[in-house]
Amino acid sequence: MKKTFLFLSVVALALLTACNNTVPTPDELNCNPSPLTVVGGKITAELTGTFPEKKFAKNGVLEVTPVLKYGDKETLGETVTYVGEKVKDNGKVVSYKNGGTYKQTFTCPYKEEMNNCVLCLRFKATAGKKSFDVPDLKVADGVNATATLAKAEDNKLAVTPDKFQRIIQSMQEADIKFLIQQSNLRDSETKSQAMKDLQAAIKDADKDEKKLISSLEVLGYASPDGGMKLNEKLAEDRQKVAQKYLAKQLKKDKVKADIESEVTAEDWEGFKKLMENSNIQDKDLVLRVLSMYSDPEEREAQIKNLSAVYKNIADDVLPKLRRSRLVLTTDLIGRSDDEIAQLAKENPAELSVEELLYAATLTNNLEEQGAIYKKVTEQYPNDLRGWNNLGIVSFKQGNVESASRLYQKALSIDANNPDVNYNAGVAALAKGDTKKAGEYLGKAAGTSGNLDAAMGTYYTMTGDYQKASAAYGKTASNNAAIQQILNEDYAGARKTLAAVAEPNAMTHYLQAVVAARTNNRDGVYEGLRAAVAADAAMKVKAAKDIEFAKYAEDETFLSIVK
């Protein structure tokens, strides 16, 4: 806390008394904080002091206005008026005999150009019809703006991803049904449309360079009626005859493929599914039996006891379970990365939305990414991913306004999308609109972005350091370290900065700030050298930063920042 004297103003008041020509001893004036500090995007200072006893003229009027001076500019605070006991004008009355207290608050929005500033008090003193000139009195020097180093850009944006799959797997199947307790093939089954379609799909997969037969299976089943031993033999025989038939067809079509096999003696799972999808009366009763009994024989006995239902089961359900099931699994192999990248440049209309979105991930060039995402918005205007991801590109290019407009377009398609709301909140933070940022981030639960870190930035910018610290948690970022510096947790800040995955100029600059606050001169030099090497603009920032005020005349410091 810096202390100064309200010297000139007290001199003026002494003159107003016209009692004698002596200069009174002034009481101290306090400015808190000093130097001034940015909190929540504002500079706020509390000014306090006292008016001495028997010094304030009974007919005196003193108007006090805080003035922040920076460069050739001034920002005025609110004026507070103090009056003597005989003055009828409005103001805070100061007793001549007892003196009084001085208290005033100065606040104004912070601007970067205010870093090199002084806070003064400006006086207008009168006694009756007489006025007195009183020079401005400096009460604070400089602004600590470390809180403003927390940037929205430090937050990782949320890309709405593509669903591109290089290999798309598909399945096609056909059933060969058998008569009760039989395993001989019938022409009506091998010549069914389902079998014809399956055989055509096998030949197509074998010939198409973009397709690959992943697996070909023959599964033999028996319905869950009759004895277990009989059903085991039936299921095995049905599998064998179906596999023999399929192998013969593969040889005829000159297709080379391995055939896998499996046998299910009593197909209770298939029975359950058919029952669930049937319109059989009292099917819930049958399903309850399945859940109550696990032993196959007990299940069969209980179901047969339901004589009113069993006839329908025997007619409509069980025949569908006496079968061999032939299953073809095919892999459709998509375009290569080179093919997709080339088409994205030369003929994007040939690409699906998933391929176009994927194409943007094949380059790190923001211009190329932007061109691809723009094509997405043109070809698929109702897909918010194109708008959102194009907004991310604009944000990274420094065009925050454009990014905000693109996010709004995406939100017009889905106002509740968490990723887009998250990105819109980060953009609002970048513009200093903390109110809008809070609204967007409040709808971002479930985002792929780091919502906790973004909320930490939000709380830092609004001056709620306690919530900011809780929000960051163990996040290792520049912004998290700034919060630790503001909370004077310098050991924590050092640890956080050392853990930043991709350190940049600001990371090193903050290391220098921590070193300055802990009187580590060599650490200041090391951090600043690294910061300046990464970004020469850090020279100007460091030269004006009050964090390094005590090094301002240091030759090594000057050699780094000039």
Residues [X], [Y]: salt bridge by 4.0 Å N-O rule:
| X | Y | value |
| --- | --- | --- |
| Arg385 | Asp383 | yes |
| Glu367 | Lys396 | no |
| Lys97 | Glu53 | no |
| Glu439 | Lys443 | no |

Where [X] and [Y] come nearest, the two heavy atoms and their spacing:
| X | Y | value |
| --- | --- | --- |
| Ala437 | Tyr458 | CB-CD1, 4.3 Å |
| Leu558 | Ala552 | CD2-O, 3.2 Å |
| Asp452 | Ala471 | CB-O, 3.3 Å |
| Ile392 | Ala158 | CD1-O, 3.3 Å |
| Phe106 | Pro66 | CD1-CB, 3.6 Å |
| Asn365 | Glu368 | OD1-N, 3.0 Å |

Any side-chain donor-acceptor pair under 3.5 Å between [X] and [Y]?
| X | Y | answer |
| --- | --- | --- |
| Arg166 | Tyr358 | yes |
| Thr79 | Glu63 | no |
| Tyr525 | Arg521 | yes |
| Asn32 | Glu46 | no |
| Tyr459 | Ser469 | no |
| Asn347 | Glu350 | yes |

How long is the straight-line distance from [atom2] of [Y] back to [atom1] of [X], given to the nearest 0.5 Å?
| X | Y | atom1 | atom2 | answer |
| --- | --- | --- | --- | --- |
| Leu429 | Lys151 | CG | NZ | 11.5 Å |
| Leu390 | Thr377 | CG | OG1 | 6.0 Å |
| Gln483 | Asn478 | CD | CG | 13.5 Å |
| Thr556 | Asp522 | OG1 | CG | 9.0 Å |
| His508 | Asp535 | NE2 | CG | 11.0 Å |
| Leu528 | Lys541 | CG | NZ | 12.0 Å |

Judged by atom type as modelled, is there a donor-acceptor pair below 3.5 Å linking the side chain of [X] to the main-chain atoms of [Y]?
| X | Y | value |
| --- | --- | --- |
| Trp387 | Leu411 | no |
| Asn144 | Thr146 | yes |
| Asp154 | Asn479 | yes |
| Asn155 | Val426 | no |
| Gln104 | Glu78 | yes |
| Glu113 | Tyr70 | no |
| Thr50 | Pro52 | no |
| Ser402 | Asn399 | no |
| Gln379 | Val376 | no |
| Asn59 | Lys86 | no |

Are the side chains of [X] and [Y] in touch, meaning some heavy atoms are under 4.5 Å apart?
| X | Y | result |
| --- | --- | --- |
| Leu441 | Asn421 | no |
| Val83 | Val94 | no |
| Glu526 | Val524 | no |
| Val80 | Tyr102 | no |
| Cys120 | Lys69 | yes |
| Asp545 | Tyr509 | yes |
| Asn388 | Asn423 | yes |
| Tyr110 | Lys42 | no |

Name of the residue among Asn450, Thr457, Thr496 meeting side-chain hydrogen bond (donor to acceptor under 3.5 Å, both in side chains) with Tyr472: Thr457
Any chance you could lay out the side-chain contact (heavy atoms from CB on, under 4.5 Å) test for Asp331 and Ile168, step after step, and finish with the verdict? CA-CA 6 Å; Asp331 292 340; Ile168 300 175; over 6 Å; no
I'd like to know whether Lys431 forms a salt bridge (Lys or Arg N to Asp or Glu O under 4.0 Å) with Glu153, so could you lay out the CA-CA distance, the side-chain angles of the two residues, the decisive distance to 0.1 Å, and finally the verdict. CA-CA 11 Å; Lys431 293 192 292 184; Glu153 292 78 1; over 6 Å; no
Check this for me: [X], atom [atom1], are more than 12 non-hydrogen atoms of other residues, nucleotides or ligands nearer than 6.0 Å?
| X | atom1 | result |
| --- | --- | --- |
| Lys210 | NZ | yes |
| Glu74 | CD | yes |
| Lys550 | NZ | yes |
| Lys103 | NZ | no |

Going through the checks in order, is the ring-ring contact (aromatic ring centres under 6.0 Å, His included) test met by Tyr82 and Phe51? CA-CA 10 Å; Tyr82 294 88; Phe51 291 107; 5.1 Å; yes
Run the numbers on Thr160 and Asp419 for side chain to side chain donor-acceptor pair (under 3.5 Å), then give the verdict. CA-CA 7 Å; Thr160 39; Asp419 284 338; 5.9 Å; no
For the residue pair Tyr96 and Phe56, is the inter-centroid distance of their aromatic rings smaller than 6.0 Å? no
Is there a side-chain contact (heavy atoms from CB on, under 4.5 Å) between Val400 and Ser394 once you walk through the steps? CA-CA 7 Å; Val400 180; Ser394 290; over 6 Å; no
When you look at Val420 and Leu384, which way does the side-chain contact (heavy atoms from CB on, under 4.5 Å) test go after all the steps? CA-CA 9 Å; Val420 184; Leu384 67 78; 3.9 Å; yes
Using side-chain contact (heavy atoms from CB on, under 4.5 Å), reason through Val143 and Ile546 one step at a time and then give a plain yes or no. CA-CA 7 Å; Val143 173; Ile546 202 168; over 6 Å; no
Which word best sums up how the rings of Phe557 and Phe548 line up, parallel for under 30°, tilted for 30 to 60°, or perpendicular for over 60°? tilted
